[in-house]
Engineer: 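Quick one: structure below, then a few questions.
Chain letters run A, B, ... following the sequence lines, proteins first and then strands; every chain starts at 1. Keep in mind that the numbers below use all heavy atoms, side chains included, and drop hydrogens, waters and symmetry copies.
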2 protein chains.
Amino acid sequence: MTRQTASDRRRPATQEDVARAVGVSRTLVSFAFRGAPGVSQQTREAIFEAAARLGYRQNAAAADLASKSASAIGLYLLDIRNETYAEILTGIRDSLEDVRNRLVLSVAHSRGGTEQAGIESLIEARVGIVIGATLLDSDDHVRELSRSVPVVSVARRIEGVDSVYSDDRLGARAAMEHLLSLGHTRIAHFTGPSPFGYQDRELAYEQAMREAGLSPWVVVGDDYTQEAAERLALRLFETESRPTAVFAHNDQIALGIREAAYAKGLRVPEDLSLIGYDDSRLARLRGIDLTSVDLGALQLGRVAGAAALERLRAPHAPAVDARSEPRLVVRASTAPPRPGRRG
Amino acid sequence: MTRQTASDRRRPATQEDVARAVGVSRTLVSFAFRGAPGVSQQTREAIFEAAARLGYRQNAAAADLASKSASAIGLYLLDIRNETYAEILTGIRDSLEDVRNRLVLSVAHSRGGTEQAGIESLIEARVGIVIGATLLDSDDHVRELSRSVPVVSVARRIEGVDSVYSDDRLGARAAMEHLLSLGHTRIAHFTGPSPFGYQDRELAYEQAMREAGLSPWVVVGDDYTQEAAERLALRLFETESRPTAVFAHNDQIALGIREAAYAKGLRVPEDLSLIGYDDSRLARLRGIDLTSVDLGALQLGRVAGAAALERLRAPHAPAVDARSEPRLVVRASTAPPRPGRRG
DNA sequence: ATGAAAGCGCTAACAT
DNA sequence: ATGTTAGCGCTTTCAT
């Protein structure tokens with residue numbers, strides 16, 4: 001289990017070390033590394049040479065402390081197992097590629113509670129901004145938080161806070177129009193427990209049902225995972241009355257329902273039409289072919305990253321409100337209901 | 001696009017503020033927050049009360065600076081879109097749940113180059129340790145890096161460096177034995193470009209082939225993604241001679257091959273047997289049913305997280321070498337080759 | 001139990 | 001162009 005002694009670490013070199021090696025003051029070293037003017041070409045080179053030789057690296061924390069600035073970017077994520085968050089994170093990283101900002105990560109705690117603890121750690125890290133995807137607290141709570149540190153909310157609109165999101169009502173409506181136009185009437189909606197921020201899909205679903213003269217049928221899970229949805233769907237499919245179509249809050253939930261359906265001998269789309277949300281890469285796989293609403297997660301992340309940099313630059317600029325349009329991608333998981341169904 | 005002015009940020013409270021509010025010295029506040037002995041119950045309470053009222057939060061960077069310690073944990077990831085890394089990250093986070101360490105993230109740059117830049121940013125953040133999954137540099141390179149900062153290598157064994165990994169040779173051998181026992185002889189191996197650290201699967205494949213009197217057939221992609229594998233496989237399947245089975249370096253690659261196969265009218269497993277690696281949740285979906293080698297990514301992450309904490313605690317302890325055993329999970333993507341094949 | 005003072009590695013006036 | 005000095009928010013001796 002164990003093998004050899006870890007090598008001894010050398011003390012990291014400081015600006016002081018570099019300055020002494022070159023024979024100049026610390027100030028010059030500081031200037032050189034920040035590209036500030038006022039350093040002769042000659043000393044500059046000597047400094048870089050010595051720094052490389054000594055293995056000097058800036059201490060970002062000390063620099064932030066001294067300059068009273070905060071260059072780190074905090075990332076708050078609910079669940080990295082959900083591919084969509086990974087996609088958002090990739091987008092954020094893309095727009096931060098050329099920048100030197102550190103990324104401080106905080107992932108929601110698995111077991112309930114508020115997200116206070118996770119955010120707290122970001123504040124203690126003195127990040128200059130928090131990019132949150134996805135915050136589950138109330139709008140007021142997030143606004144309150146944003147008085148301590150600027151927040152960029154991804155995939156959720158919060159009044160007065162930088163928000164980068166996709167129009168969920170539009171996406172949900174497109175999904176429902178698709179199902180209704182196929183002739184479905186018994187359409188259920190599977191969603192998660194959050195009372196905040198992520199209800200637009202559900203609200204649009206309910207509205208679409210009512211406008212079509214149908215009564216809404218919402219199933220609320222413990223969380224937004226495949227597993228929770230599968231458990232719920234298994235129970236639902238045991239009853240006599242089951243829906244002919246389900247509009248799921250996200251692809252994970254849709255896949256959970258799909259597993260449950262197959263387990264009960266129901267085929268998709270013959271016995272059950274299924275629409276997800278996110279258009280993750282999963283949805284595109286042959287053999288899955290899930291009809292889904294594409295919210296452009298990668299692009300959302302990119303815009304959020306750019307917005308974060310911009311906020312760092314201009315703390316007092318007006319709050320960004322970047323809404324994008326989702327797109328329904330029809331695949332093979334949706335079809336007209338069977339005329340002589342037993343349900 | 002814009003709406004209202006972001007609220008003004010208040011200056012974060014410092015220990016000084018709290019001390020003044022209570023009427024004690026900064027030292028006591030510092031003691032109280034670190035739970036150090038030597039603070040009377042009464043003052044301790046008064047301090048916490050005032051701190052809560054003022055919204056005081058420790059400045060972790062300043063604390064690290066003053067104490068010459070480094071409590072932050074650096075995370076270096078190759079690609080968070082690969083579900084397996086997300087799983088590893090989840091495991092790491094699990095074992096860090098109760099600890100207050102910050103997580104500083106660095107994701108590999110999309111476009112080539114060494115991973116120097118990414119690691120650099122972790123060093124500038126003065127993390128106390130770097131958990132790397134997956135490092136693509138040479139063993140020597142990583143060892144050199146580990147002289148600046150302790151490293152925990154996940155999913156790859158590096159002599160002299162804390163390593164938490166699964167026995168790839170074992171996993172690859174199990175996969176090959178499965179294919180060989182089904183009667184396959186034309187078995188290809190799809191892998192990625194890295195010359196370092198991730199060759200055990202390939203080596204075990206080659207050895208198994210040779211031992212069976214067959215000649216190895218290795219296809220090397222530009223990277224380890226589904227897309228790269230798909231492109232490569234499309235070309236391969238256009239030729240007359242194609243394999244009857246493929247052992248892929250990971251599930252992503254396997255799925256890329258699968259897409260290509262279907263695009264060319266080949267069915268899995270009738271026309272092509274397919275084995276992946278990682279046993280990601282993708283593999284388990286009905287309609288995918290990919291035979292795969294489970295390397296226990298979640299557990300790998302958990303052990304790595306624990307190892308990191310332990311290394312922080314005992315810098316001079318012997319290097320950890322935690323090897324685990326993978327497990328072949330047979331599903332529906334593998335079957336005997338068809339007797340009268342056209343290949 | 002409490003406080004004063006030095007210093008962590010750095011930046012930012014303000015010198016020269 | 002270069003150097004001096006005073007902090008940034010915190011921990012840590014060392015006094016009291």
Side-chain angles (χ1 to χ4, degrees), chain A residues 10-48 50-51 54-72 100 102 123-128 148-149, chain B residues 10-48 50-51 54-72 100 102 123-128 148-149:
Chain A
R10 47 180 180 228
R11 179 184 69 83
T14 70
Q15 284 187 345
E16 178 79 55
D17 298 328
V18 178
R20 193 161 30 214
V22 179
V24 295
S25 74
R26 278 157 45 212
T27 310
L28 270 301
V29 181
S30 175
F31 276 31
F33 270 91
R34 282 177 292 147
V39 185
S40 71
Q41 185 61 25
Q42 188 181 329
T43 34
R44 175 181 245 87
E45 275 164 17
I47 286 171
F48 286 146
L54 296 173
Y56 167 75
R57 315 227 189 271
Q58 283 197 72
N59 180 329
D64 273 4
L65 183 58
S67 65
K68 301 168 193 285
S69 63
S71 60
R100 290 167 26 85
R102 280 154 296 146
I123 292 183
E124 288 184 2
R126 287 300 189 274
V127 298
S148 303
V149 55
Chain B
R10 44 176 183 230
R11 178 184 69 80
T14 70
Q15 285 187 347
E16 178 80 55
D17 298 329
V18 178
R20 192 161 30 214
V22 179
V24 295
S25 72
R26 275 157 45 212
T27 310
L28 286 192
V29 181
S30 175
F31 278 25
F33 269 91
R34 280 175 296 143
V39 186
S40 71
Q41 185 59 26
Q42 189 181 330
T43 25
R44 176 180 245 84
E45 274 164 17
I47 286 171
F48 286 148
L54 297 173
Y56 168 75
R57 317 227 188 269
Q58 282 198 72
N59 181 331
D64 272 4
L65 184 59
S67 64
K68 303 169 193 285
S69 63
S71 59
R100 288 167 28 84
R102 279 154 295 145
I123 293 183
E124 289 183 3
R126 288 299 189 276
V127 298
S148 303
V149 57

Engineer: Quick one: does B/Phe33's side chain get under 4.5 Å of B/Ile47's, heavy atoms only?
Structural biologist: yes
Engineer: Do the side chain of B/Thr43 and the main chain of B/Val39 share a donor and acceptor less than 3.5 angstrom apart?
Structural biologist: no
Engineer: Can you give the first and last nucleotides of DNA chain C, 5' to 3', that have an atom under 4.0 Å from a heavy atom of chain B?
Structural biologist: C/dA1 to C/dG9
Engineer: Sort and list the pairs that fulfil salt bridge (charged side-chain N to carboxylate O under 4.0 Å, His left out) and have at least one residue in residues 30-39 of chain B, not counting sequence neighbours.
Structural biologist: none
Engineer: Go through the structure and list residues passing side chain to side chain donor-acceptor pair (under 3.5 Å) with B/Glu16, not counting sequence neighbours.
Structural biologist: none
Engineer: Output all residues satisfying side chain to side chain donor-acceptor pair (under 3.5 Å) with A/Arg26, sequence neighbours left out; order by chain, then residue number.
Structural biologist: none
Engineer: In whole angstrom, give the distance that lies between atom CG of A/Leu28 and atom C1' of D/dA1.
Structural biologist: 7 Å
Engineer: If I compare all heavy atoms of B/Ala125 with all of A/Arg102, which pair ends up nearest, and what's the gap?
Structural biologist: CB-CD, 3.4 Å
Engineer: If we only count heavy atoms from C-beta on, is the B/Leu65 to A/Asn59 side-chain gap below 4.5 Å?
Structural biologist: yes
Engineer: Can you name the closest pair of heavy atoms from B/Arg126 and A/Gln58 and give their distance?
Structural biologist: NH1-O, 3.0 Å
Engineer: It should be established whether A/Thr43 places a side-chain nitrogen or oxygen under 4.0 Å from OP1 or OP2 of nucleotide D/dA1.
Structural biologist: no
Engineer: What does the B/S/- profile of nucleotides 7-16 of chain D look like, 5' to 3', with a 4.0 Å heavy-atom cutoff to protein?
Structural biologist: BBBBBB----
Engineer: Evaluate side chain to side chain contact (heavy atoms under 4.5 Å, CB included) for B/Arg20 paired with B/Leu54, printing each intermediate quantity in order.
Structural biologist: CA-CA 11 Å; B/Arg20 192 161 30 214; B/Leu54 297 173; over 6 Å; no
Engineer: Five pairs at each end of the helix from C/dA1-D/dT16 to C/dT16-D/dA1: take the axis at both ends and give me the angle between them to 10°.
Structural biologist: 30°
Engineer: Has the side chain of A/Asp64 got a donor or acceptor atom that lies under 3.5 Å from a matching backbone atom of A/Ala61?
Structural biologist: no
